[in-house]
Amino acid sequence: GQSLEQPSEVTAVEGAIVQINCTYQTSGFYGLSWYQQHDGGAPTFLSYNALDGLEETGRFSSFLSRSDSYGYLLLQELQMKDSASYFCAAPNSGNTPLVFGKGTRLSVIA
Amino acid sequence: EAGVTQFPSHSVIEKGQTVTLRCDPISGHDNLYWYRRVMGKEIKFLLHFVKESKQDESGMPNNRFLAERTGGTYSTLKVQPAELEDSGVYFCASSQHRGGPYNEQFFGPGTRLTVL
């Protein structure tokens with residue numbers, strides 16, 4: 001089976017940088033993905049790491065360390081619209097269902 | 001290109017009643033997944049279709065839940081009879097079926113089910 005652990009809540013100031021960590025225990029692991037969900041909305045894909053290292057997409061970056069079973073999502077230049085829940089998730093393979101962490105609720109304050 | 005759509009967006013029913021949720025995946029996506037998020041908890045997998053076949057239904061909580069995907073297009077998830085603990089948001093997601101390390105799953109907006 002798989003389990004992913006992430007903090008339940010994070011608060012950060014507009015314009016700042018925030019890091020959301022995710023640790024995982026898996027019987028099979030292909031990579032770590034991150035999803036964003038605004039209240040009442042659909043989870044939307046942010047990033048995927050199959051290999052160790054940092055993937056950067058605009059203000060968002062994601063990191064993976066397979067040896068540490070650890071990853072994180074880094075959000076820079078925070079904006080109020082970044083307030084949402086962020087989920088790490090892992091598939092066993094390309095077509096298998098996602099196993100999600102419980103989500104981290106990010107609140108961006110002025 | 002249209003995204004994943006789900007109907008209804010909200011449903012409020014009484015315990016013991018029946019509800020049917022519908023999901024229309026992105027055209028051409030053979031993989032269709034059902035997930036559920038109960039208040040305050042993680043999004044949990046329910047069922048995976050590849051075309052019209054059930055690939056994995058290990059997440060279905062019990063036999064009150066029945067999912068179908070006739071013709072390999074849209075899917076329905078029926079809850080009969082509904083219980084209080086079935087309340088939550090039901091998400092549908094779809095992806096292309098291909099080899100490789102990752103196929104991005106595209107999620108619908110969800111159906112918020114409230115059982116009273």
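By convention in this document, chain letters (A, B, ...) are assigned in the order of the sequence lines, proteins followed by strands, and residues within each chain are numbered from 1. Since the model is a prediction, treat every value here as computed from it, not as a measurement.
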A:Tyr72 side chain to A:Gln19 side chain, donor-acceptor N/O pair below 3.5 angstrom: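 Per modelled atom types, A:Tyr72 and A:Gln19 side chains form no pair under 3.5 Å.
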Does the ring center of B:Tyr35 lie less than 6.0 Å from the ring center of B:Phe107?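 Yes, they do, as the ring centres are separated by less than 6.0 Å.
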Could you check whether any side-chain heavy atom of [X] comes within less than 4.5 Å of a side-chain heavy atom of [Y], counting everything from C-beta outward?
X	Y	value
B:Leu113	B:Val19	yes
B:Val79	B:Thr18	no
A:Trp34	A:Ile20	yes

Check B:Arg37, B:Arg36, B:Gln6 against B:Tyr90 for a side-chain hydrogen bond (donor to acceptor under 3.5 Å, both in side chains) and give me the one that passes.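 When B:Arg37, B:Arg36, B:Gln6 are each tested with B:Tyr90, the side-chain hydrogen bond (donor to acceptor under 3.5 Å, both in side chains) holds only for B:Arg36.
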Atom CE of A:Met80: over 12 foreign heavy atoms under 6.0 Å: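 Result for CE/A:Met80: enclosed.
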Verify the neighbour count for atom OH of B:Tyr74: are there more than 12 heavy atoms of other residues, nucleotides or ligands below 6.0 Å?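 No, OH of B:Tyr74 has 12 or fewer neighbouring heavy atoms, counting only those of other groups under 6.0 Å.
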Using non-hydrogen atoms and a limit below 4.5 Å, what part of residues 97-110 of chain A faces chain B?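 From residues 97-110 of chain A, the residues near chain B are A:Pro97, A:Leu98, A:Phe100, A:Gly101, A:Lys102.
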Which residues, numbered in order, of residues 61-70 of chain A come under 4.5 angstrom of chain B by heavy-atom distance?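 So far as heavy atoms go, nothing in residues 61-70 of chain A approaches chain B to under 4.5 Å.
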Under 4.5 Å from any heavy atom of chain B - which part of A:Thr96: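 Just the backbone, heavy atoms under 4.5 Å.
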May I ask you to name which of B:Arg112, B:Glu104, B:Lys44, B:His48 has the most heavy-atom pairs under 4.5 Å with chain A?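 The candidate making the most pairs under 4.5 Å is B:Glu104.
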Option in B:Ala93, B:Pro109, B:Gly59 with maximal non-hydrogen atom pairs under 4.5 Å from chain A: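 Looking at each of B:Ala93, B:Pro109, B:Gly59 in turn, B:Pro109 comes out on top.
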Run the salt-bridge test on B:Lys15 and B:Asp86 with the 4.0 Å N-O cut-off and return the result as yes or no.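 A salt bridge is absent here (no side-chain N lies under 4.0 Å from a carboxylate O).
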Any Lys/Arg nitrogen of B:Asp24 or B:Arg22 sitting under 4.0 Å from an Asp/Glu carboxylate oxygen of the other?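 Looking at B:Arg22 together with B:Asp24, the answer is yes, because their closest N to O distance falls below 4.0 Å.
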What part of B:Gln96 gets closer than 4.5 Å to chain A, counting heavy atoms only: side chain, backbone, both or neither?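 B:Gln96 touches chain A through backbone heavy atoms alone.
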B:Phe106 versus chain A, the contacting section by heavy-atom distance below 4.5 Å: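 Contact with chain A involves no heavy atom of B:Phe106 at all.
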Where is the tightest heavy-atom contact between B:Ile26 and B:Ala2, given as atom of each residue plus distance?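 Scanning both residues completely, I find the closest heavy atoms to be CG1-O, 3.6 Å.
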B:Phe65, B:Val115: one ILVMFWY side-chain cluster at the under-4.5 Å cut-off?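 Linked within one cluster.
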